[in-house]
Amino acid sequence: MAEKMTRRDIRDSAFKIIYESLLRDDPVEELFEMAEGIDEIPVNDDVKQMVTDILSKSEELDAMISQYSKKRIFSRIAKINIAILRIAFYEILYNDQIPLNAAVHEAVLIAQNYSYKEDISFVNGILGAYSRSVSDGEK
C-alpha cells in the first residue's frame, strides 16, 4: 500500500487502473490487486476512491466525452484517451478543489506521457470545447 501520494501521483495511478479496466472485464478489486502486485502502480485509499468513483460514473462521463467529441464517435476513441478524459471530466464535474484549467492541464500532461502526439491534441480539443461551452454559459 502506497503512503502519502501527491494529487498527480494519485491521478497517474488511477489513470493506469482505469485504462486497464477498459482493456479487461475484471472486477475493480482484482484491478487493485493486480496494480498492487506491480510496483510501478502505487495504490492507496485515495487512488481506490477515485477509481471507484470514476467507474461508477463512467456512463455519465462517457456521455460528456461523446458530447464534446465532434470528430470521432465514442466507439472510435482510443481507450487510452477515454481513460484520460474520464479522469478529467470527473475532476471537472465532481471535485470542487480542482479548477477547470488545472484538470485540463493535468489531462494534457497524462496524454503527453502516455499517448501519441495526435491524441494529445484530441484530448486538449475535447476539454477545450467543454471549457468554451462553460465560459459561454452552458453546462
Heavy-atom closest contact ([X] atom, [Y] atom, distance):
X: Met64; Y: Tyr130; result: CE-CE1, 3.4 Å
X: Ala14; Y: Val47; result: N-CG1, 4.0 Å
X: Leu31; Y: Ser21; result: CD1-CB, 3.4 Å

In terms of hydrophobic clusters joined by side-chain contacts under 4.5 Å, are [X] and [Y] together?
X: Met5; Y: Ile38; value: yes
X: Leu109; Y: Val123; value: no
X: Leu23; Y: Ile77; value: yes
X: Leu55; Y: Ile80; value: yes
X: Ile98; Y: Val134; value: no

Could you list the residues that satisfy side chain to side chain donor-acceptor pair (under 3.5 Å) with Asn113, not counting sequence neighbours? none
Listed partners of Asp26 passing side chain to side chain donor-acceptor pair (under 3.5 Å), at least two apart: Arg24
Hey, what do you get for [atom1] ([X]) to [atom2] ([Y]), rounding to the nearest 0.5 Å?
X: Ile18; Y: Ile84; atom1: CD1; atom2: CD1; answer: 11.0 Å
X: Asp9; Y: Arg11; atom1: CG; atom2: CZ; answer: 10.0 Å
X: Ile126; Y: Lys70; atom1: CD1; atom2: NZ; answer: 9.5 Å
X: Leu100; Y: His105; atom1: CG; atom2: NE2; answer: 13.0 Å
X: Glu91; Y: Glu106; atom1: CD; atom2: CD; answer: 7.5 Å

Salt bridge (charged side-chain N to carboxylate O under 4.0 Å, His left out) partners of residues 111-129, not counting sequence neighbours, each pair once: none
Salt bridge (charged side-chain N to carboxylate O under 4.0 Å, His left out) pairs touching residues 71-88, sequence neighbours excluded, are Asp62-Arg86
Considering residues at least two apart in sequence or located in another chain, which fulfil the ring-ring contact (aromatic ring centres under 6.0 Å, His included) criterion with Tyr114? Phe15
The criterion is ring-ring contact (aromatic ring centres under 6.0 Å, His included); which residues satisfy it with Tyr116, sequence neighbours excluded? none
Cation-pi check for Tyr90 against Lys57: NZ or CZ below 6.0 Å from the six-membered ring centre and within 45 degrees of the axis, yes or no?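 Output no; distance or angle outside limits.
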Carboxylate-amine/guanidinium proximity below 4.0 Å for Asp12 and Lys16: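 Result for this pair is yes, salt bridge flagged.
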Does the side chain of [X] reach to within under 4.5 Å of the side chain of [Y], using non-hydrogen atoms?
X: Phe122; Y: Leu127; value: no
X: Tyr94; Y: Met50; value: no
X: Ile54; Y: Phe89; value: no
X: Val104; Y: Ser131; value: yes

So, the side chain of [X] versus the backbone of [Y]: is there a donor-acceptor pair under 3.5 Å, distance only?
X: Ser69; Y: Ile65; answer: no
X: Ser13; Y: Val43; answer: no
X: Ser56; Y: Asp53; answer: yes

Short side-chain donor-acceptor distance under 3.5 Å, Asn124 and Ser121: no
